[in-house]
Amino acid sequence: MSMLIDALGTVHQPYLVNAEAVAEPRIVSLVPSITELVCELGLSSYLVGRTGFCIHPKSVVQTIPKIGGTKDVNIEKIRKLAPTHLIVNIDENEKPTVEALAKFIPHVIVTHPLVPRDNLALYQLLGGIFGAQQRAQELCSQFEAAYAALDPAPASSQQVIYCIWQDPWMTVSRDTYIAAMLGLIGWQTWSPPNSILRYPGFQWASAMQHPIDRVLLSTEPYRFTESHVDALEKQLGLQVQLVDGEMLSWYGSRAIAGLQYLKQLSAQ
């Protein structure tokens, strides 16, 4: 077996080998997309805590205790759950919170997928730690098939603004997972030229000084709707499109459906 190394370079040992261990793992996940992945790996019975944003698969997670949000977790509530493992993400969770939890949770698994193909290592990492290697390999195969089915990106790219929030307006930088997903179909994300932030704020007056082909309004984390699309189209005179934020920003098992969704977008 290859080494099980997380996003911080921490080497993890298999906790479940052939579904056997001294004690069953008790997993708290602070990452919605990874909560879904844990369930897809057949490990839902080991989940003892999740955030209120961990909503998939609904029929499974509704029985798992909520421990707050991704950034405002209830540390004492987690302590009482006596977890053996904590799964976090560099973008989604606050470092001081993770450090506080690490004082009493033996195993902290840090994730940080930056490009779609990072999902393959993510499947293998969690599958290897929790004895679900076969299911992890099945997910890898499904991902590869969906990736291969994408049409080649066109020679000329489109410049898009991917909006994740309004009041203030916020977008994504080109070093994010979302930008990498859109890049697979030749959609290059615009962000303020001088910003070093991964999720920068912007002003439309500044953005419109650049050649923008279309504006994408994501359904999450801000709940943009078709009414926002209509209003912004009238304001900008550009093509504005509502897109499924989960399909474009959730890694893990959702990324497989996300690649299929990308294929639909590119065909429009």
Side chain to side chain contact (heavy atoms under 4.5 Å, CB included) assessment of Tyr261 paired with Val243: CA-CA 10 Å; Tyr261 179 73; Val243 293; 3.7 Å; yes

Verdict with reasoning, Thr10 to Val110, per side chain to side chain contact (heavy atoms under 4.5 Å, CB included): CA-CA 8 Å; Thr10 301; Val110 180; over 6 Å; no

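- We find that Arg214 and Glu233 are not joined by a salt bridge, their nearest charged nitrogen and carboxylate oxygen being 4.0 Å or further apart.
- Although no hydrogens or angles enter the test, the distance criterion places no donor-acceptor pair under 3.5 Å between the side chain of Thr70 and the main chain of Asn93.
- Between the CG atom in Leu236 and the CE atom in Met208 there is a gap of 5.0 Å [rounded to 0.5 Å].
- Scanning all heavy atoms of the two residues, the minimum distance from Glu246 to Arg254 falls at OE1-NH1, 2.9 Å.
- Across Trp204, Trp190, Phe202, a single residue satisfies ring pair (Phe, Tyr, Trp, His ring centres under 6.0 Å) together with His210, and that is Trp190.
- Taken from CH2 in Trp250 to CD1 in Ile178, the straight-line distance is 12.5 Å, to the nearest 0.5 Å.
- In plain terms, the two heavy atoms of Val60 and Ser44 that are nearest each other are CG1-CB, 3.6 Å.
- Shortest non-hydrogen contact noted between Leu259 and Leu150 is O-CD2, 3.4 Å.
- For Gln203, the CD atom is loosely surrounded, since the number of other residues' heavy atoms within 6.0 Å does not exceed 12.
- Residues Arg198 and Asp175 have side chains in contact (heavy-atom distance under 4.5 Å, counting atoms from C-beta outward).
- Tyr162 is listed as a side-chain neighbour of Ile164, based on a closest heavy-atom distance under 4.5 Å.
- Separation of atoms OH (Tyr15) and CD1 (Ile129) is listed at 12.0 Å; rounding is to 0.5 Å.
- Distance check: Leu37 CG to His56 NE2 gives 14.0 Å after rounding to the nearest 0.5 Å.
- Taking the six-membered ring for Trp and the full ring otherwise, the centers of Phe130 and His85 sit less than 6.0 Å from each other.
- Residues Leu265 and Val160 are members of one and the same hydrophobic cluster, defined by side-chain heavy-atom contacts under 4.5 angstrom among Ile, Leu, Val, Met, Phe, Trp and Tyr.
- Under the 4.5 Å side-chain heavy-atom criterion for grouping Ile, Leu, Val, Met, Phe, Trp and Tyr, Val31 is not connected to Ile105 through any hydrophobic cluster.
- A distance of 10.5 Å separates OG of Ser173 from CD1 of Ile196, quoted to the nearest 0.5 Å.
- Under the 4.5 Å side-chain heavy-atom criterion for Ile, Leu, Val, Met, Phe, Trp and Tyr, Leu248 and Val240 are members of the same hydrophobic cluster.
- The environment of CZ in Phe53 is sparse: at most 12 heavy-atom neighbours from other residues, nucleotides or ligands sit within 6.0 Å.
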Side chain to side chain contact (heavy atoms under 4.5 Å, CB included) assessment of Val28 paired with Val48: CA-CA 6 Å; Val28 167; Val48 298; 3.9 Å; yes

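- Using cut-offs of 30° and 60° on the angle between ring planes, the pair Tyr222 and His228 is perpendicular.
- In terms of modelled atom types and a separation under 3.5 Å, the side chain of Asp213 and the main chain of Gln159 share a donor-acceptor contact.
- Under the 4.5 Å side-chain heavy-atom criterion for ILVMFWY residues, no single connected hydrophobic cluster contains both Ile27 and Val108.
- Between the side chains of Tyr199 and Asp91, a donor-acceptor pair is found at a separation under 3.5 Å.
- Pairing each heavy atom of Cys140 with each of Gln124, the nearest pair is SG-NE2, 3.8 Å.
- Under the 3.5 Å distance criterion, the side-chain polar atoms of Arg135 are left unmatched by any main-chain donor or acceptor of Gly127.
- Inter-residue side-chain proximity for Arg50 and Lys66 is flagged as met; some heavy-atom pair is nearer than 4.5 Å.
- Tyr147 and Leu114 fall into different hydrophobic clusters, where Ile, Leu, Val, Met, Phe, Trp and Tyr are joined by side-chain heavy atoms under 4.5 Å apart, directly or via other members.
- In this structure, Leu30 and Asn89 have side chains that are not in contact, with every pair of non-hydrogen atoms separated by 4.5 Å or more.
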Steps toward side chain to side chain contact (heavy atoms under 4.5 Å, CB included) verdict (Lys263, Asp151): CA-CA 7 Å; Lys263 187 174 178 66; Asp151 298 322; 3.3 Å; yes

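- Taking each heavy atom of Thr189 and Ala179 in turn, the nearest pair found is OG1-CB, 3.4 Å.
- The distance from the CD1 atom of Ile34 to the CG atom of Leu122 is 5.0 Å, given to the nearest 0.5 Å.
- Counting heavy atoms from C-beta on, the side chains of Ile55 and Pro32 never come closer than 4.5 Å.
- Shown here is Lys71, whose NZ atom has more than 12 heavy atoms of other residues, nucleotides or ligands within 6.0 Å.
- A donor-acceptor pair shorter than 3.5 Å cannot be found between the side chains of Asp118 and Tyr177.
- In this structure, the side chains of Trp169 and Leu232 come closer than 4.5 Å at one or more pairs of heavy atoms.
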Glu144/Arg117 under salt bridge (charged side-chain N to carboxylate O under 4.0 Å, His left out): CA gap, chis, key distance, verdict: CA-CA 9 Å; Glu144 292 283 25; Arg117 295 192 68 85; 2.8 Å; yes

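- In terms of modelled atom types and a separation under 3.5 Å, the side chain of Thr111 and the main chain of Val88 share a donor-acceptor contact.
- In Glu99, the CD atom is crowded: over 12 heavy atoms of neighbouring residues, nucleotides or ligands sit closer than 6.0 Å.
- Here the shortest heavy-atom pairing between Val38 and Leu126 reads CG2-CD1, 4.4 Å.
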